[in-house]
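Each remark here refers to the structure printed beneath this line.
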Number of protein chains: 2
Amino acid sequence: MGRGRPRGFDRDEALDRAMRLFWTRGYQDTSIADLTDALGIGSPSLYAAFGSKAALFCAAADRYQESDGGRPGIALLAAPTARAGVEALLRENVALFTHRGGPRGCLLTRATLSCPPDDATVVAYLERSRRERLTALRTRLKAAAAAGEPLPSDDVDTLAQHYDAQVQGLAVRALEGATRPVLQRTVDLTMAGWDALAAR
Amino acid sequence: MGRGRPRGFDRDEALDRAMRLFWTRGYQDTSIADLTDALGIGSPSLYAAFGSKAALFCAAADRYQESDGGRPGIALLAAPTARAGVEALLRENVALFTHRGGPRGCLLTRATLSCPPDDATVVAYLERSRRERLTALRTRLKAAAAAGEPLPSDDVDTLAQHYDAQVQGLAVRALEGATRPVLQRTVDLTMAGWDALAAR
DNA sequence: CCTTTTCTGTAGTGGTCGATACACAATAAT
DNA sequence: ATTATTGTGTATCGACCACTACAGAAAAGG
């Protein structure tokens, strides 16, 4: 057992609240004071537990990707075909970005556009996350191409870029206030485009 | 003629530089010190000429929309068909978002995601700009529908939302570092989807 | 000339930022 | 009980934030 005074708060619960706050307000606009308020702890406790604002963000973003934010990626891989996977990816993202009671949009996209470029730790974290997401998409599509599934294009790399852009577009539109039904219809159109192209 | 001491700097040139700075770093991460440095003037001169950081941003954003940032909207309206208009809109945006020597992405999208929600002036400005852009797109598509042009869908409102989301997706992808050829191929795919759907 | 008007440069305002020094409290090991 | 170790609360730190008071400089009107 650890020796000193026990921590007076639940680390995981604190991470959840920090995630929510970063998700709602972005990285830069979430201050340490905001965090200590929401977490109900003093700043020295926060720094002792997490190290720095940047490190806390990375931990909170990890938690995001392991919980709500991870659903779309899982849905992509779980689907039997690339067509179903991409549709599930988009629909899960719509659900994530417009979840009632939850912050709108994507925690990572939001942070990407609101993080000062000199904060190397966070910038590197975000860059890696984006690369992993794009790689997952490309890998899934490449497997589908190898399996002979009909795809909207032979250029798998462009396909991955295109559907990744769809996700980012949904994230921004959600932040701008687009409702769930509106985004769902946007996805309907995207998938109709897939079908029309894949059928040729 | 005005009576007092003449202004020691060119107001339009200062606005251009401010626009560039807001475009590069977003709203919140651009400080008054950054601006006075780039503009080569003292802060009292800045405040005398523009009023406040929020007002300066609005003026710089107006300038953006009247110069580079206005091209896509003009291209949309100038094209003979909705199909050509949407393609021109997307391609002009790709050019705008990846212009060599210019900041990447969209000044307005960037500001939307990096503006503190309590800055009512800027939030209202951005909201109005977005509404106008979406309205322009919807109006163009509605006219096309009335003219009997073949469209990917009968639901003009959803079409407008969909292609607006494309623009936002391109803006984010450009900020993330996607190159111009990559974004061009994304647009190729989007327009291929239009053709495949409109032909049915 | 002198007055009026307008802009500029210096030098700050109070406030908030992320991050900490330090004393003390609370536990475990000895 | 003593010591070692770790977390908490108070009370800051210097740096930076948007913004401005004030005095002097530069023009026009008289």
Side-chain angles (χ1 to χ4, degrees), chain A residues 1-15 17-18 21-22 24-61 111 114-125, chain B residues 1-15 17-18 21-22 24-61 111 114-125:
Chain A
M1 265 293 262
R3 199 132 75 127
R5 174 175 175 171
R7 183 176 285 128
F9 62 96
D10 186 301
R11 195 178 187 276
D12 281 351
E13 191 189 320
L15 257 186
R17 296 192 188 185
L21 218 54
F22 280 126
T24 303
R25 306 177 53 88
Y27 178 71
Q28 192 171 353
D29 196 41
T30 301
S31 71
I32 298 293
D34 292 334
L35 289 162
T36 55
D37 275 7
L39 276 52
I41 62 177
S43 47
S45 299
L46 188 153
Y47 280 91
F50 300 107
S52 70
K53 183 183 174 183
L56 171 56
F57 172 81
C58 293
S114 80
C115 173
D118 50 294
D119 200 325
T121 306
V122 175
V123 168
Y125 177 93
Chain B
M1 265 294 264
R3 207 141 58 142
R5 172 176 179 172
R7 183 176 283 129
F9 61 97
D10 187 300
R11 194 178 187 276
D12 281 351
E13 192 189 319
L15 258 186
R17 297 193 188 184
L21 217 54
F22 280 126
T24 304
R25 305 177 53 88
Y27 178 71
Q28 192 171 1
D29 196 40
T30 302
S31 70
I32 299 292
D34 292 334
L35 289 161
T36 55
D37 275 7
L39 274 52
I41 63 176
S43 46
S45 301
L46 187 154
Y47 279 92
F50 301 107
S52 69
K53 182 183 175 182
L56 172 56
F57 172 82
C58 292
S114 80
C115 173
D118 49 294
D119 200 325
T121 306
V122 175
V123 167
Y125 177 94

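Proteins come first, then strands; the chains are lettered A, B, ... in the order of their sequence lines, and each starts at number 1.
Between the CG atom of A/L21 and the P atom of C/dG18 there is a distance of 11 Å, given to the nearest Å. Straight-line distance from the CG atom of A/L39 to the P atom of D/dG7: 16 Å, rounded to whole Å. D/dT10 atom C1' lies 15 Å from atom CD1 of A/I41, rounded to whole Å. The distance from atom CZ of B/R7 to atom P of C/dT5 is 18 Å, rounded to the nearest whole Å. With rounding to whole Å, B/L46 atom CG is found 13 Å from C/dG9 atom P. Nucleotide D/dG7 holds its C1' atom 15 Å from the CZ atom of A/R3, rounded to whole Å. Rounded to whole Å, the distance from CZ on B/R5 to C1' on C/dT3 is 18 Å.
Considering only residues two or more places apart in sequence or on other chains, A/R5 meets the side-chain contact (heavy atoms from CB on, under 4.5 Å) condition with none of them. For the salt bridge (Lys or Arg N to Asp or Glu O under 4.0 Å) test, residues two or more places apart in sequence or in another chain that qualify with B/D34 are B/R25. The side-chain contact (heavy atoms from CB on, under 4.5 Å) search around A/D12 returns A/D10, A/R63, not counting sequence neighbours.
A/S45 has no side-chain polar atom (N or O) that falls below the 4.0 Å cut-off from OP1 or OP2 of D/dG7.
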Taking only distance into account, with no hydrogens and no angle test, what donor-acceptor pairs under 3.5 Å do side-chain atoms of residues 53-60 of chain A form with protein atoms, sequence neighbours excluded?
unit_1, atom_1, unit_2, atom_2, d
A/K53, NZ, A/Y27, O, 3.2
A/K53, NZ, A/T30, O, 2.8

Going by atom type alone, with no hydrogens or angles, which donor-acceptor pairs under 3.5 Å involve a side-chain atom of residues 40-47 of chain B and a protein atom two or more places apart or on another chain?
none

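Each end of the helix from C/dC1-D/dG30 to C/dT30-D/dA1 gets its own axis, taken as the rotation carrying the C1' atoms of four end pairs onto the next four within a five-pair window, and the two axes meet at 10° to the nearest 10 degrees.
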For nucleotides 15-17 of chain D, which of its nitrogen or oxygen atoms have a protein nitrogen or oxygen under 3.5 Å away, and what is each distance?
unit_1, atom_1, unit_2, atom_2, d
D/dC17, OP1, B/S31, OG, 3.3

Check: protein-nucleotides 20-22 of chain C nitrogen or oxygen pairs below 3.5 Å:
unit_1, atom_1, unit_2, atom_2, d
C/dT20, O4, A/S43, OG, 2.9

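Considering CG of B/L35 and CZ of B/F50, their distance stands at 9.5 Å, rounded to 0.5 Å. Between the CZ atom in B/F22 and the CG atom in B/D29 there is a gap of 11.0 Å [rounded to 0.5 Å].
At least one side-chain heavy atom of B/Q28 sits less than 4.5 Å from a side-chain heavy atom of B/P116.
Using a 4.0 Å heavy-atom criterion, one finds that A/F9 contacts the sugar-phosphate atoms exclusively.
Both B/Y27 and A/G8 sit near DNA chain D, but only A/G8 has its closest nucleotide nearer the 5' end.
Among pairs with a residue in residues 36-49 of chain A, none fulfils salt bridge (Lys or Arg N to Asp or Glu O under 4.0 Å), at least two apart in sequence or across chains.
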